[in-house]
Amino acid sequence: MTDNDVVPLGTQPPVEAPPPVTRPGRLHGSSIAGMAASALLGIVATYTYVTVNLTGTPRRAVIAALLFAVAGFVVSSAVAVFSAARDTYPSRRDT
C-alpha cells in the first residue's frame, strides 16, 4: 500500500451540543396515569363480566364500566401522544 492509495477525508466540522433534556409536562404524566386507571378499570370489569353470573341492571353496569374504561383509555392515550409531541418543541418560556 502506498501513499497514493490513501484518500484524505478532510476535517469534519465540530458537532453541535444536543439541546438540554427537558422534563415531560404535567399533561403527559396525568394522561399516562389516566391510561393506567382506565386499564385497571377495564381489567376489573372484564374479569367481573366473565366470572360472575350477573343478570339485568348489574350486568349492564359492568358493561357500561367496560365501555367507559375503553373510551377513557383511548382518550388518555391520544392526549399522551399529542402532549409528548408538544413537549418535543421548545416553548416560549424556554427561549
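In this structure, the side chain to side chain donor-acceptor pair (under 3.5 Å) partners of Arg59, at least two apart in sequence or on a different chain, are Tyr49. Every residue two or more places apart in sequence or in another chain was checked for a side chain to side chain donor-acceptor pair (under 3.5 Å) with Tyr47, and none qualifies. Applying the side-chain contact (heavy atoms from CB on, under 4.5 Å) test to Val52 and every residue at least two apart in sequence or in another chain returns Thr48, Leu54.
Connectivity analysis of hydrophobic side chains (ILVMFWY, heavy atoms under 4.5 Å, direct or indirect) links Leu41 to Phe68.
Within the 4.5 Å cutoff, the side chain of Val62 has no heavy atoms near those of the Leu66 side chain.
Here side-chain hydrogen bond (donor to acceptor under 3.5 Å, both in side chains) pairs that include residues 34-45, with residues two or more places apart or in two chains, number zero. Among residue pairs with one or both ends in residues 63-77, none qualify as side-chain hydrogen bond (donor to acceptor under 3.5 Å, both in side chains); sequence neighbours excluded.
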Tell me which donor-acceptor pairs under 3.5 Å the side chains of residues 25-32 have, and how far apart each pair is, sequence neighbours excluded?
unit_1	atom_1	unit_2	atom_2	d
His28	ND1	Ala80	O	3.1
His28	ND1	Ser83	OG	3.3
Ser30	OG	Arg26	O	3.1
Ser30	OG	Leu27	O	3.0
Ser31	OG	Leu27	O	3.1
Ser31	OG	His28	O	2.8

